[in-house]
Amino acid sequence: MSRFAVLALVLALGACSAQPAEEPEETASLEELEAAAGPVAGPTPVLPGDIAKLRVEQSAAVGPVVADRDHYTLYFHEKDGTNPPSSVCVEAECTLVWIPLLAAGGQIEAPDLDPKLLSTFKRPDGLEQVTIGGHPVYRYVDDEGPGDAVGNGVDGRFAISPAGAKAAR
């Protein structure tokens with residue numbers, strides 16, 4: 001389970017057991033929540049203030065793919081808009097599984113990719129999501145390690161190649 005999913009679960013469980021209004025609530029830092037949850041495998045959540053860092057990786061399953069800073073495969077959804085970019089994955093039940101790759105102020109570092117393919121767009125929540133070849137990109141929560149491409153072909157989602165298309169051998 002990814003850190004993002006654990007964090008969401010901890011926050012959701014905390015909301016279910018809220019303290020009475022007269023007692024001040026203490027907020028826990030991300031580090032405190034992670035320590036309480038124990039070690040978690042999976043990609044590090046990209047926070048809204050982060051610079052998106054992309055790289056080209058080899059996936060044993062589908063060949064060359066674009067990966068995030070933690071070497072996790074990135075995916076696109078066939079139902080997302082590309083001109084202009086838009087995402088159909090905006091509800092929590094989707095974004096907890098297909099985690100949008102965010103970039104603060106459109107900042108993207110991708111030395112191995114054609115800069116003309118890279119951009120961002122503003123999601124309905126106001127956050128900027130990275131696009132490759134016009135496709136909004138996501139990480140898949142069930143990829144357990146770098147190079148995994150478990151999400152390829154799941155519900156119209158595909159690993160994205162360095163050319164901004166479906167990755168394929």
Check your understanding: Does Arg123 have any salt bridge (Lys or Arg N to Asp or Glu O under 4.0 Å) partners at least two apart in sequence or in another chain, and if so, which?
Key -> Asp125
Exercise for review: Could you check if a side-chain atom of Pro64 sits within less than 4.5 angstrom of a side-chain atom of Ser161, using non-hydrogen atoms only?
Suggested key: no
Practice item. Could you name each residue pair satisfying ring-ring contact (aromatic ring centres under 6.0 Å, His included) that touches residues 144-169, not counting sequence neighbours? Key: none
Review point. Less than 4.5 Å apart, any side-chain heavy atom of Ile132 and any of Leu118?
Key: yes
**Study point:** Nearest-0.5 Å distance, CG of residue Leu113 to CZ of residue Arg55
**Key:** 10.5 Å
Check your understanding: Are Val56 and Val137 co-members of a hydrophobic cluster defined by side-chain heavy atoms under 4.5 Å apart?
Key -> yes
Check your understanding: Looking only at side chains, do Tyr138 and Ser87 share a donor and an acceptor under 3.5 Å apart?
Key -> yes
Review point. Do you reckon Val97 sits in the same ILVMFWY cluster as Val154, going by side-chain contacts under 4.5 Å, direct or chained?
Key: yes
Point to revise | Reported CD-to-CG distance for the pair Gln129 and Leu127, which is rounded to 0.5 angstrom | key: 9.5 Å
Point to revise | Residue pair Asp80 / Ser86: nearest heavy atoms and the distance that separates them | key: CB-O, 3.2 Å
Exercise for review: Mind jotting down which residue pairs meet the disulfide bond (SG atoms under 2.5 Å apart) criterion with at least one end in residues 137-169? Sequence neighbours excluded, please.
Suggested key: none
Point to revise | Nearest non-hydrogen partners of Ala159 and Asn152, listed with the distance | key: N-OD1, 2.8 Å
Study note, to complete from the structure: Taking every heavy atom of Gly134 against every heavy atom of Pro85, the minimum-distance pair comes out as O-CB, 3.8 Å
Review point. Which pairs count as disulfide bond (SG atoms under 2.5 Å apart) when at least one residue sits in residues 63-151, sequence neighbours excluded?
Key: Cys89-Cys94
Exercise for review: Taking Asp68 for its side chain and Asp70 for its backbone only, find out whether a donor-acceptor pair lies under 3.5 Å.
Suggested key: yes
Exercise for review: Compare every heavy atom of Glu57 with every heavy atom of Ala67, then report the nearest pair and how far apart it is.
Suggested key: CB-CG, 3.3 Å
Point to revise | Rounded distance (nearest 0.5 Å) linking atom CD1 of Ile51 with atom CD1 of Ile108 | key: 10.5 Å
Point to revise | Stepwise side-chain contact (heavy atoms from CB on, under 4.5 Å) check, Leu74 with Leu54 | key: CA-CA 9 Å; Leu74 296 174; Leu54 309 177; 3.6 Å; yes
Exercise for review: Please assess Val141 against Leu96 for the test side-chain contact (heavy atoms from CB on, under 4.5 Å), listing each intermediate value before the final yes or no.
Suggested key: CA-CA 7 Å; Val141 72; Leu96 289 173; over 6 Å; no
Review point. What residues form a salt bridge (Lys or Arg N to Asp or Glu O under 4.0 Å) with Lys166, not counting sequence neighbours?
Key: Glu78
Practice item. Under the ring-ring contact (aromatic ring centres under 6.0 Å, His included) rule, collect the residues that match up with Phe76, sequence neighbours excluded. Key: His135
Review point. Is the backbone of Ala104 close enough, under 3.5 Å, to the side chain of Glu128 for a donor and an acceptor to pair up by distance?
Key: no
**Study point:** ILVMFWY clustering at 4.5 Å (side-chain atoms), partners of Val65
**Key:** Val62
Exercise for review: For residues 88-99, pull every pair meeting salt bridge (charged side-chain N to carboxylate O under 4.0 Å, His left out), keeping only residues two or more places apart or in separate chains.
Suggested key: none
Practice item. Go through the structure and list residues passing side chain to side chain contact (heavy atoms under 4.5 Å, CB included) with Ala61, not counting sequence neighbours. Key: Ser59, Ala149
Review point. Using a side-chain heavy atom cutoff under 4.5 Å and only I, L, V, M, F, W and Y, what cluster partners does Val88 have?
Key: none
Review point. For Asp155, does the CG atom have more than 12 heavy-atom neighbours from other residues, nucleotides or ligands under 6.0 Å away?
Key: no
Review point. Tell me the ring-ring contact (aromatic ring centres under 6.0 Å, His included) pairs involving residues 93-133, sequence neighbours left out?
Key: Tyr75-Trp98, Trp98-Tyr140
Check your understanding: In Å and rounded to the nearest 0.5 Å, what is the CD to OG1 distance from Gln58 to Thr73?
Key -> 10.5 Å
Point to revise | From NZ (Lys53) to CD (Glu109), nearest 0.5 Å | key: 5.0 Å
Practice item. Please name all residues satisfying side chain to side chain contact (heavy atoms under 4.5 Å, CB included) with Asp114, sequence neighbours left out, ordered by chain then number. Key: Lys116, Leu117
